[in-house]
Amino acid sequence: MPRTLLTSLTLVCLFFLAASTKAADSKPLSILLITSGCCHDYDFQTKSLQLAFEKAGVAANWTVVNEGGNGTDAQIDFYGESDWAKNFDVCIHNECFAKTTDADYIRTITGPHFEGLPAVVIHCAMHTYRDATIDDWRQLLGVTSKRHDHKSSYKVDVKTKDHPIMKSFPDGHVIQFDELYIIEKLWPSATALATSKSEKDGSEHPVIWTNQYGKARVFGTTYGHSNETFEDKVFLNLIVNGTVWAAGK
């Protein structure tokens with residue numbers, strides 16, 4: 001076969017490969033959002049997240065599960081299906097059930113993540129299953145936290161400026177009205193990307209981080225308490241970037 005024909009065929013193949021790769025990359029993210037429990041305006045937060053992805057130009061198909069009421073002890077029916085994690089690119093956990101302690105139930109959630117479902121964990125997800133004796137959920141999160149400081153305006157000190165999640169996050173940005181979670185342990189699989197200082201004792205705590213849980217990438221932030229935070233464009237861009245990163249996109 002003539003070399004010119006081989007070259008032409010190679011170029012055609014490369015063109016179609018590039019086109020198919022671009023099509024795969026442009027496929028909307030399939031996002032599962034688990035959001036419910038006590039203490040927060042989850043409807044407002046859900047709408048803010050969805051609008052943030054739209055404004056950022058990140059196409060997404062959303063499945064929103066808001067079950068369990070507004071207490072601190074509940075089991076979400078959605079997790080009762082053995083294949084609940086199937087067909088999702090990433091799961092965002094924005095729920096708050098501190099007193100749910102059933103180990104088998106918790107492991108129906110952590111198991112699919114360990115097997116590869118990426119996760120994003122926001123604010124009170126860190127105190128969800130707080131009273132449980134097993135560590136599976138805390139290992140998924142990448143942090144252990146059981147309490148928080150008062151609501152205030154907290155400055156964020158970026159520690160890993162070159163990480164893709166932090167590309168649009170200005171060092172020293174102030175989260176205007178939120179809670180500082182006290183991090184008792186940053187698990188060895190986790191890496192702090194940013195910290196904030198306690199106004200009570202000056203101690204420094206991770207507020208943005210990444211984690212590797214089994215086969216899954218995990219992105220987390222302890223901020224996300226107030227509606228003011230979910231109106232902060234810098235915070236919302238952080239969640240978008242963290243979600244895209246966790247999903248491997």
Side-chain angles (χ1 to χ4, degrees), residues 30-40 42 45-46 49 62-148 179 181-191 205-225 239 242-243 246-247:
S30 181
I31 300 176
L32 171 62
L33 171 61
I34 306 293
T35 180
S36 50
C38 80
C39 312
H40 308 98
Y42 293 109
Q45 293 181 1
T46 296
L49 286 175
W62 293 81
T63 298
V64 179
V65 177
N66 190 330
E67 298 177 355
N70 57 7
T72 58
D73 185 2
Q75 294 190 12
I76 296 173
D77 292 339
F78 182 83
Y79 291 132
E81 299 294 331
S82 59
D83 62 347
W84 67 264
K86 186 179 180 180
N87 298 326
F88 293 111
D89 294 315
V90 63
C91 177
I92 300 177
H93 289 283
N94 189 31
E95 70 267 51
C96 195
F97 295 112
K99 293 184 179 180
T100 301
T101 60
D102 184 272
D104 290 337
Y105 169 74
I106 294 170
R107 284 170 175 153
T108 65
I109 305 168
T110 58
H113 285 298
F114 191 82
E115 292 302 318
L117 175 63
V120 172
V121 293
I122 300 174
H123 192 58
C124 203
M126 266 46 75
H127 288 177
T128 294
Y129 316 132
R130 180 178 60 192
D131 294 348
T133 57
I134 63 170
D135 278 331
D136 299 53
W137 179 256
R138 292 180 273 274
Q139 289 173 330
L140 164 65
L141 299 174
V143 297
T144 297
S145 177
K146 296 186 177 180
R147 61 189 179 91
H148 59 75
E179 298 167 337
Y181 275 35
I182 305 304
I183 303 301
E184 298 176 4
K185 177 179 180 177
L186 181 71
W187 287 76
S189 54
T191 301
H205 297 278
V207 293
I208 303 168
W209 66 92
T210 59
N211 186 38
Q212 186 69 37
Y213 181 66
K215 298 177 183 178
R217 278 181 168 185
V218 181
F219 160 73
T221 176
T222 52
Y223 288 130
H225 174 77
I239 300 298
T243 303

Exercise. Test side chain to side chain contact (heavy atoms under 4.5 Å, CB included) on Ile239 and Phe219 and set out the steps.
Key: CA-CA 9 Å; Ile239 300 298; Phe219 160 73; 4.0 Å; yes

Can you find a pair of side-chain heavy atoms, one from [X] and one from [Y], that are under 4.5 Å apart?
| X | Y | result |
| --- | --- | --- |
| Val121 | Trp209 | yes |
| Tyr79 | Ile34 | yes |
| Ser189 | Gln139 | no |

Spatial distance of atom [atom1] ([X]) from atom [atom2] ([Y]) [nearest 0.5 Å]:
| X | Y | atom1 | atom2 | result |
| --- | --- | --- | --- | --- |
| Ile109 | Gln75 | CD1 | CD | 8.5 Å |
| Thr100 | Glu95 | OG1 | CD | 9.5 Å |
| Lys146 | Arg138 | NZ | CZ | 5.0 Å |
| Ile183 | Ser145 | CD1 | OG | 4.5 Å |
| His93 | Leu33 | NE2 | CG | 10.0 Å |
| Lys86 | Leu117 | NZ | CG | 14.0 Å |

Quiz prompt | Worked check of side chain to side chain contact (heavy atoms under 4.5 Å, CB included) between Tyr223 and Ile208 | solution = CA-CA 8 Å; Tyr223 288 130; Ile208 303 168; 5.6 Å; no

Quiz item: After noting the C-alpha distance and the side-chain angles of Phe114 and Asp136, does the key distance pass the side chain to side chain contact (heavy atoms under 4.5 Å, CB included) rule?
Solution: CA-CA 10 Å; Phe114 191 82; Asp136 299 53; over 6 Å; no

On a heavy-atom basis, which atom in [X] and which in [Y] lie closest, and how many Å separate them?
| X | Y | answer |
| --- | --- | --- |
| His40 | Cys124 | CE1-CB, 3.6 Å |
| Arg107 | Ile134 | NH2-CG2, 3.6 Å |
| Thr222 | His123 | O-ND1, 2.6 Å |
| Thr63 | Phe88 | OG1-CE2, 3.5 Å |
| Pro112 | Ala85 | CB-CB, 3.6 Å |
| Tyr42 | Thr35 | CD2-OG1, 3.0 Å |

Self-check item: Cys38/Cys96 sulfur atoms closer than 2.5 Å
Solution: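 No - the two cysteines, Cys38 and Cys96, have SG atoms at least 2.5 Å from each other.
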
Between the side chain of [X] and the main-chain N/O of [Y], is any donor-acceptor distance below 3.5 Å?
| X | Y | value |
| --- | --- | --- |
| Asp89 | Ser30 | yes |
| Trp137 | Ala125 | yes |
| Glu179 | His225 | no |
| Gln45 | Gly224 | yes |
| Gln212 | Gly214 | yes |

Quiz prompt | Option from Val90, Val218, Asn94, Thr221 for which side chain to side chain contact (heavy atoms under 4.5 Å, CB included) with Val120 holds | solution =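 Among Val90, Val218, Asn94, Thr221, the one that satisfies the side chain to side chain contact (heavy atoms under 4.5 Å, CB included) with Val120 is Val90.
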
Exercise. Report the C-alpha separation of Thr46 and Trp62 in whole Å, then their side-chain angles, then the decisive distance to 0.1 Å, and conclude whether the side chain to side chain contact (heavy atoms under 4.5 Å, CB included) test is met.
Key: CA-CA 10 Å; Thr46 296; Trp62 293 81; 5.9 Å; no

Quiz item: What do you reckon, is CG of Asp102 surrounded by more than 12 foreign heavy atoms closer than 6.0 Å?
Solution: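 Yes, CG of Asp102 has more than 12 neighbouring heavy atoms, counting only those of other groups under 6.0 Å.
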
Practice problem: Please work out whether the ring planes of Tyr181 and His127 are parallel, tilted or perpendicular, with thresholds of 30° and 60°. | Solution: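 Answer is parallel, since the angle falls under 30°.
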
